[in-house]
2 protein chains.
Amino acid sequence: MTERTRKHTTRPRLCAADWEDCALLTLAESGVAAVAVESLARRLGVTKGSFYWHFPNREALLQAALERWEQNDEREVIAHVEAIADPRERVRELVRQVSHKRPSHAVFAALLKAIDQPLIRPVIERVSQRRLDFVTEAFEQAGFGPTQAANRARLAWSAYVGFVQLAQIRQPRMNHDEFEAYIRDFIEVLIPR
Amino acid sequence: MTERTRKHTTRPRLCAADWEDCALLTLAESGVAAVAVESLARRLGVTKGSFYWHFPNREALLQAALERWEQNDEREVIAHVEAIADPRERVRELVRQVSHKRPSHAVFAALLKAIDQPLIRPVIERVSQRRLDFVTEAFEQAGFGPTQAANRARLAWSAYVGFVQLAQIRQPRMNHDEFEAYIRDFIEVLIPR
DNA sequence: GCGCTACCATACGGCGCAGTATGGTGTGTG
DNA sequence: CACACACCATACTGCGCCGTATGGTAGCGC
């Protein structure tokens, strides 16, 4: 073979953050149950002897990973969108941002499925409440009264959550134009001129 | 002891349908993963020796139980609602029916979480498509054009799916009046007069 | 009242995962 | 250059589940 056979070219030598990254990736791909110690170890090319040096147990890994996800990505999305002045355009941008599902939203979808687990529930609750408040405020600034704004925000947020779930089935797969038209109607219905 | 010690007073003596019922109940309560042979056996007061007489394996039980759920309940809900002439009232009734979550909708929520499993996915796809078609037709009868009706149906169906998921977190728990007001706005937004 | 069959118990092997114990190696620092 | 520490491998126990094999019992027809 012509390839050089350097051993230890890039020996893994992991740190805690590497495990958290791998956990989030696996979480986004295959759900909470797939975040298993031995499974992740195989994926990282090490054994679980490594894991239990960095973390006391599986729960600690999940907690750390979710904390990072909640801080990083969540604040990013909100911060990126809340700069927009026009509330109508702000909601539109939020919807569009959030529907072009990057891995982060796959994490959200995976967490949603594991809402019964006591470790996951509070995370979902915080994220859900924050986004709901955000949308509610946008509707209020768009001129709706408190209850009207709250109900439309509930509707919008529920529709997003449902969309995330339903996007995983391929039957009513929309193409790009159909999707854009859907978003247009979505905004039009929720914020009539 | 003063109680009579009749043994075999009501010896279980199960049939396949009993296992299916128990499977659906457990599915609604604790999700797909909780539908485990030994677990169900404990719940039914027997051992798994019983189970493997009625079914070849766990997959067969799930398949049979889901088939019954899809036939019975699905047709029931649709049939009960589609008798209503006014499409506006028909959607309203569907939403109300479906949101006062009886165990059947808990099954739907549980299945939604397991959409990645090849046994579950086609069931969700069929049910989802059927309900989506149903709502789309209602919107068309309410006077919307094909694309308008399709998009509003998508929105309504997504909102329902999201609502089912979000109903499991207690933070924004609505009371009865709030919920009725929400439904009223829901209909009002989707089918303006 | 005898046996046949439907239904169930008991016992076993195997797999995948969590977590523990303990020994080994590369790397930087004195 | 040696030593300490960070990082990892190996090997083990324990648990919950799936599925199989096989023997037991109650109620039916005859």
Side-chain angles (χ1 to χ4, degrees), chain A residues 4-27 29-66 110 113-114 116-120, chain B residues 4-27 29-66 110 113-114 116-120:
Chain A
R4 38 200 165 151
T5 55
R6 278 198 299 162
K7 302 183 179 182
H8 312 135
T9 50
T10 55
R11 67 239 123 86
R13 219 59 175 153
L14 308 174
C15 66
D18 295 325
W19 284 95
E20 296 172 13
D21 288 338
C22 188
L24 283 177
L25 195 62
T26 305
L27 177 58
E29 288 173 2
S30 314
V32 176
V35 183
V37 176
E38 287 171 318
S39 174
L40 294 184
R42 279 192 296 270
R43 183 167 190 170
L44 286 170
V46 295
T47 67
K48 60 183 179 175
S50 166
F51 175 83
Y52 284 102
W53 192 91
H54 294 286
F55 297 92
N57 51 27
R58 175 181 180 269
E59 195 174 349
L61 170 66
L62 268 178
Q63 218 152 10
L66 291 182
K113 296 179 190 171
D116 39 276
Q117 296 182 29
L119 205 75
I120 310 294
Chain B
R4 38 200 167 152
T5 56
R6 278 198 298 162
K7 302 183 178 182
H8 313 133
T9 49
T10 56
R11 67 244 123 85
R13 218 58 174 154
L14 307 175
C15 65
D18 295 325
W19 284 95
E20 296 172 12
D21 288 339
C22 189
L24 284 177
L25 195 62
T26 305
L27 177 57
E29 288 173 1
S30 313
V32 176
V35 182
V37 176
E38 288 170 325
S39 173
L40 294 184
R42 280 192 295 271
R43 183 167 190 171
L44 286 170
V46 295
T47 66
K48 59 181 179 176
S50 167
F51 175 82
Y52 284 101
W53 193 91
H54 295 286
F55 297 92
N57 50 25
R58 174 180 181 269
E59 195 174 348
L61 170 66
L62 269 178
Q63 219 153 8
L66 291 182
K113 297 181 190 171
D116 39 275
Q117 296 182 29
L119 205 76
I120 309 294

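Please read these numbers as outputs of a predicted model, since none were measured by experiment. Side chains included, hydrogens not; waters and symmetry mates left out as well; all remaining heavy atoms used. Sequence lines set the chain letters: A, B, ... in the order given, protein chains first and strands last, and positions in each chain run from 1.
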What's the CZ-P distance between B:Phe55 and D:dC17, to the nearest Å? 19 Å
Find the distance between OG1 (B:Thr26) and CZ (B:Arg43) and round it off to the nearest 0.5 Å. 4.0 Å
Take atom CG of B:Leu62 and atom C1' of D:dC18, then tell me their distance rounded to the nearest Å. 13 Å
Given protein heavy atoms under 4.0 Å, the one-letter contact record of nucleotides 10-17 of chain C, with B base, S sugar-phosphate only and - none, is simply BB-----B
Drop me the distance from A:Arg58's CZ to A:Lys48's NZ, to the nearest 0.5 angstrom. 13.0 Å
Distance (rounded to the nearest 0.5 Å) between A:Gln63 CD and A:Asn57 CG: 9.0 Å
Working to the nearest 0.5 Å, report the span between CD of A:Gln117 and CD of A:Glu59. 10.0 Å
Measure CG/B:Leu61 against P/D:dC18 and give the value in whole Å, please. 10 Å
Rounded to whole Å, please give me the gap between CG in A:Leu119 and P in C:dA18. 14 Å
Spatial distance of atom CG (B:Leu66) from atom CG (B:Leu61) [nearest 0.5 Å]: 8.5 Å
Separation between CG (A:Leu40) and CG (A:Leu25), nearest 0.5 Å, reads 9.5 Å
Pairwise N/O distances under 3.5 Å, protein to nucleotides 3-6 of chain C:
none

Would you please confirm or rule out a distance under 4.0 Å between OP1 or OP2 of C:dC8 and any side-chain N or O of B:His54? yes
Rounded to whole angstrom units, what separation is found between the CZ atom of B:Phe51 and the P atom of D:dT20? 11 Å
